[in-house]
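Below is one structure, written out as structure tokens; comments come after it.
These figures come from a predicted structure and were not determined experimentally. We name chains A, B, ... by the order of the sequence lines, and we start the count at 1 in each one.
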Protein chains: 2
Amino acid sequence: MATQADRSAGASQRKRADAVRNEKTLLDAAAAVFVTSGVEAPVRDIAARAGVGTGTIYRHFPTRADLIIAVYRHQVEACAEAGPALLASSATPHAALGRWIDLFVDFLVTKRGLAGALQPDNAGFDTLHAYFLDRLVPVCTQLLDAAAEAGEIRPGTHAYELMRGVGNLCIGADSDPNYDARRLVELLIAGLLRQR
Amino acid sequence: MATQADRSAGASQRKRADAVRNEKTLLDAAAAVFVTSGVEAPVRDIAARAGVGTGTIYRHFPTRADLIIAVYRHQVEACAEAGPALLASSATPHAALGRWIDLFVDFLVTKRGLAGALQPDNAGFDTLHAYFLDRLVPVCTQLLDAAAEAGEIRPGTHAYELMRGVGNLCIGADSDPNYDARRLVELLIAGLLRQR
DNA sequence: CGTTTAACGGAGCAAGGTTCCGTTTCCTCA
DNA sequence: TGAGGAAACGGAACCTTGCTCCGTTAAACG
């Protein structure tokens with residue numbers, strides 16, 4: 001099978017072996033450091049952990065957002081793909097929405113500082129914000145539309161707003177035993193139901 | 001009449017005139033800078049605006065939290081005091097709660113970066129977090145209890161959690177026309193209602 | 001092998017928070 | 001009123017962290 005080298009676009013060349021190796025090393029190091037120090041951990045710490053210079057990090061991941069995205073891409077994709085599946089397997093669209101949001105919340109609250117880094121104005125993190133939104137807002141829209149069509153929820157809520165709200169509720173959810181983001185998100189989703 | 005010097009505690013002495021003057025100057029400068037640059041504005045900016053050295057800021061307000069608290073104390077107090085009044089004047093406790101939360105949200109969304117600074121883990125900002133909570137959680141508890149007693153809302157929600165949730169929803173609410181914190185908070189409060 | 005050049009590493013600069021200490025200013029009391 | 005002493009001031013200096021730049025290393029290929 002083909003190696004990780006991408007030769008398809010014509011002008012592109014195979015990557016050097018050390019570059020490939022370092023990229024993998026960096027991703028592992030970053031993931032480890034993110035767990036202990038959060039996604040805003042100093043660049044030098046990640047570099048030290050990986051045993052490379054700081055310049056190498058910036059060459060592979062020009063902004064911190066790029067690094068964070070690379071580390072969590074698989075999980076975000078999995079979450080996005082779960083949307084349609086839940087819609088098909090749940091009793092009602094609103095139930096599917098609730099379960100999908102749960103998935104998203106589970107992801108966020110287990111990644112120290114990630115929810116906080118998703119702020120749109122957070123300079124340098126706009127790529128991160130954009131990636132999450134590009135990937136997840138369409139899925140959320142689909143679920144929301146289905147629930148609205150079924151007459152379950154009040155109309156007028158936008159997926160973007162809901163995603164941001166849920167993301168915000170997850171900020172600081174680790175590290176505070178008296179704050180349960182899941183419960184609040186549940187309230188929020190309940191509030192979405194059409195009031196009779 | 002007595003000057004601002006507090007001589008009551010026995011060991012305390014009158015403050016020097018220049019110190020009193022500088023404290024006032026600093027509060028004004030900080031308030032102005034917070035409006036344009038948010039509550040995380042560089043210390044040097046505030047010092048420059050006030051025409052004092054950075055040392056002077058740290059002497060009067062050892063941590064940034066102390067400065068922020070001093071700037072917004074009046075408004076927080078006003079919000080706290082509005083709670084019982086609303087409870088007395090509203091049709092139902094849940095309505096009072098909703099209106100009180102509105103007050104709080106209005107306050108937060110008009111203070112650039114304040115909601116974000118309220119995070120409990122935000123090193124150096126714990127005093128800020130504690131002050132807001134000490135002052136507002138009891139008020140919120142009172143409203144919540146009244147609504148629970150009236151059978152309007154589902155039991156089991158803690159004031160602390162609700163306040164943090166509302167605060168989180170307000171993060172980044174300025175500077176993003178597509179994100180309306182008020183609407184989401186409204187959903188959250190609606191979700192509090194006992195489901196029939 | 002020798003050449004080319006991608007990739008590396010870390011010194012160094014900028015920005016911001018915080019401390020420290022020599023200087024200034026105010027208060028008090030004779 | 002005018003020393004003397006202490007409180008308060010100011011900003012230089014230091015630390016941490018993000019990011020860049022460029023001399024050095026080593027992979028790839030003929």
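- Between A:Val39 and A:Ala117, the shortest heavy-atom contact is CG2-CB, 4.0 Å.
- A donor N or O paired with an acceptor N or O is not found under 3.5 Å between the base of D:dG18 and the side-chain atoms of A:Arg64.
- As rounded to whole Å, 14 Å separates atom P of C:dA14 from atom CZ of B:Arg44.
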Without placing hydrogens or testing angles, list every side-chain donor-acceptor pair under 3.5 Å for residues 25-38 of chain A, not counting sequence neighbours.
| residue | atom | partner | partner atom | Å |
| --- | --- | --- | --- | --- |
| A:Thr25 | OG1 | A:Arg21 | O | 2.8 |
| A:Asp28 | OD1 | A:Lys24 | NZ | 3.4 |
| A:Asp28 | OD2 | A:Lys24 | NZ | 2.8 |
| A:Thr36 | OG1 | A:Val33 | O | 3.2 |

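- Counting atom types as modelled, A:Arg59 pairs no side-chain N or O with a base atom of C:dA7 as donor and acceptor under 3.5 Å.
- In this structure, B:Arg164 forms no cation-pi arrangement with B:Phe132, as its terminal cationic atom is not both closer than 6.0 Å to the ring centre and no more than 45° off the ring axis.
- In this structure, of D:dC19, C:dC26, C:dT28, it is C:dT28 that holds the atom nearest to the side chain of B:Arg14.
- Take the nearest nucleotide of DNA chain C for B:Ala41 and for A:Ala19: the residue whose nucleotide is more 5' is A:Ala19.
- Listed pair B:His60 / D:dA8 fails the phosphate criterion, with no side-chain N or O lying under 4.0 Å from OP1 or OP2.
- Computed from coordinates, the A:Arg21 CZ to C:dC8 C1' distance equals 11 Å when rounded to whole Å.
- Computed from coordinates, the B:Asp18 CG to C:dT25 C1' distance equals 6 Å when rounded to whole Å.
- When distances are taken from the side chain of B:Tyr58 to each of D:dA27, C:dC26, C:dG17, the shortest belongs to C:dG17.
- With the nearest nucleotide of DNA chain C identified for both B:Arg16 and B:Thr63, B:Thr63 has the one nearer the 5' end.
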